[in-house]
Amino acid sequence: MFAGRYLWWMLMGIGIFMFATLSLDYITWLTIQLSGCGDMAGACEPALRLISGVLKPACIWTAIGILFMATLLRLHTLSLIWFWGPIVAIWFVVSTPILLFVAADAAALTQPATLAALPVAILFLAAFAAYLLFALEDGDILPLAASVPLLLTLRLTALYGALAGLAFMPELSRIAGTLLDMPALSVVIALAQPYLQTVLTFGTGSMAPTYAVLATFIAALAASLLPHAAVPQPSRSTIMLRRSRR
């Protein structure tokens, strides 16, 4: 998926999510007012069940699915799917609970407690999705084909972000145990998460190291866009010249 089409699908997914989050409640209220079902007890229940119980969740999950698939297709086009695909998948899984929470109560996003509870994985995901908006396939420069230290920094910080997302996801043990029907796995994850949190925060118990790694990841993404930081591919004329010399 090329940059323009990726941007279009990302805007489509965000638009559907915003519609489900901000507009469907007003549509529900307008439906009740126009139908006059509020005058009869229980008469509005079918409409409420259809809009809030079926249409809204369907829109939210469709939006998340569009964002996820568009990102994977973009990575496939750029030949980055093998390493970055699993990383992005983890970021999406960790970010989904907060997206569902915001969709259920959009006003909560303005509350300081909600902002403080935002998973760091969603910030990694947002930064990487913004990076993929650039037309990286144009020209002779491979995406993320930076110098070895910069490329290693990108991969290590991305891996850290994925692990941090899993470590600080409270619902992980319950979701994993329910989906796989393995209660023992839930117990293992619940016991392992505090140890992983200690390792990732370097024993400080603070999120400061995590945000420092996030800042390093964003800086490395920005640096990889600089012309001098990328490793150019040999042009087609250069390749043909080398073959003719042989």
Side-chain angles (χ1 to χ4, degrees), residues 1-7 10 67-95 119-169 192 195-204 206-246:
M1 183 178 289
F2 294 100
R5 190 172 298 175
Y6 172 70
L7 173 61
M10 293 297 284
L67 296 174
F68 179 61
M69 292 305 301
T71 305
L72 290 186
L73 290 175
R74 177 68 172 152
L75 291 173
H76 177 73
T77 301
L78 298 174
S79 300
L80 299 173
I81 190 68
W82 296 113
F83 175 80
W84 292 97
I87 296 294
V88 167
I90 292 175
W91 288 341
F92 264 99
V93 169
V94 175
S95 303
V120 70
I122 199 172
L123 303 179
F124 277 90
L125 179 61
F128 192 64
Y131 172 82
L132 294 178
L133 292 175
F134 289 91
L136 304 171
E137 64 274 11
D138 293 345
D140 294 330
I141 297 178
L142 285 173
L144 294 178
S147 61
V148 174
L150 189 56
L151 185 59
L152 184 62
T153 300
L154 282 169
R155 293 192 173 189
L156 289 178
T157 51
L159 183 60
Y160 179 97
L163 292 176
L166 294 175
F168 291 98
M169 181 180 181
Y195 293 101
L196 185 58
Q197 292 173 8
T198 302
V199 171
L200 294 176
T201 59
F202 304 103
T204 62
S206 170
M207 291 296 292
T210 305
Y211 289 114
V213 174
L214 172 63
T216 304
F217 177 71
I218 296 175
L221 285 177
S224 67
L225 293 173
L226 299 177
H228 69 273
V231 179
Q233 282 186 301
S235 62
R236 182 173 299 180
S237 59
T238 303
I239 296 175
M240 295 301 294
L241 181 60
R242 290 177 181 175
R243 290 181 179 177
S244 63
R245 288 178 179 176
R246 293 177 182 175

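For the numbers below, each heavy atom of this structure counts, side chains included, while hydrogens, waters and symmetry mates do not.
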Inset, instruction - Decide if atom CZ of Phe134 counts as having more than 12 heavy atoms of other residues, nucleotides or ligands within a radius under 6.0 Å. - result: no
Legend entry - Check: Leu166 and Ile90 side chains under 4.5 Å, non-hydrogen atoms: yes
Legend entry - Heavy-atom side-chain proximity of Thr157 to Leu214 below 4.5 angstrom: no
Inset, instruction - Applying side chain to side chain contact (heavy atoms under 4.5 Å, CB included) between Ser95 and each of Leu67, Ile122, Leu123, Val120, report the one that passes. - result: Ile122
Inset, instruction - State, with a plain yes or no, whether a side-chain heavy atom of Tyr6 is found less than 4.5 Å away from one of Leu73. - result: no
Inset, instruction - Applying ring-ring contact (aromatic ring centres under 6.0 Å, His included) between Phe124 and each of Tyr211, Phe92, Trp91, report the one that passes. - result: Trp91
Inset, instruction - Could you tell me whether the side chain of Thr71 reaches within less than 4.5 Å of the side chain of Met10, counting heavy atoms only? - result: yes
Inset, instruction - Would you mind reporting whether Phe168 and Thr201 have side-chain heavy atoms less than 4.5 Å apart? - result: yes
Inset, instruction - Answer whether the closest heavy-atom distance between the side chains of Leu200 and Pro209 falls below 4.5 Å. - result: no
Legend entry - Min side-chain heavy-atom separation Leu156-Val213 under 4.5 Å: no
Inset, instruction - Hey, can you tell me if Phe128 and Tyr131 have their rings parallel, tilted or perpendicular (30° and 60° cut-offs)? - result: parallel
Legend entry - Nearest heavy-atom neighbours spanning Leu154 and Ala220: CD2-CB, 3.4 Å
Inset, instruction - Could you tell me whether the side chain of Thr153 reaches within less than 4.5 Å of the side chain of Phe217, counting heavy atoms only? - result: no
Inset, instruction - Give, for atom CE of Met69 and atom NE2 of His76, the distance between the pair rounded to the nearest 0.5 Å. - result: 10.5 Å
Inset, instruction - Of all the heavy-atom pairs spanning Ala121 and Gly161, show the shortest one and how long it is. - result: CB-O, 4.5 Å
Inset, instruction - Enter the distance from Ile87:CD1 to Leu80:CG here, rounded to the nearest 0.5 Å. - result: 12.5 Å
Legend entry - Where Ala127 and Leu221 come nearest, the two heavy atoms and their spacing: O-CD1, 3.9 Å
Inset, instruction - Show the numbers, then the answer: is there a side chain to side chain contact (heavy atoms under 4.5 Å, CB included) between Leu72 and Phe68? - result: CA-CA 6 Å; Leu72 290 186; Phe68 179 61; 3.4 Å; yes
Legend entry - Inter-residue atom distance Trp84.CH2 - Leu132.CG, 0.5 Å rounding: 9.0 Å
Inset, instruction - Mind listing the closest non-hydrogen atom pair of Thr210 and Ala164 along with its distance? - result: CG2-CB, 4.2 Å
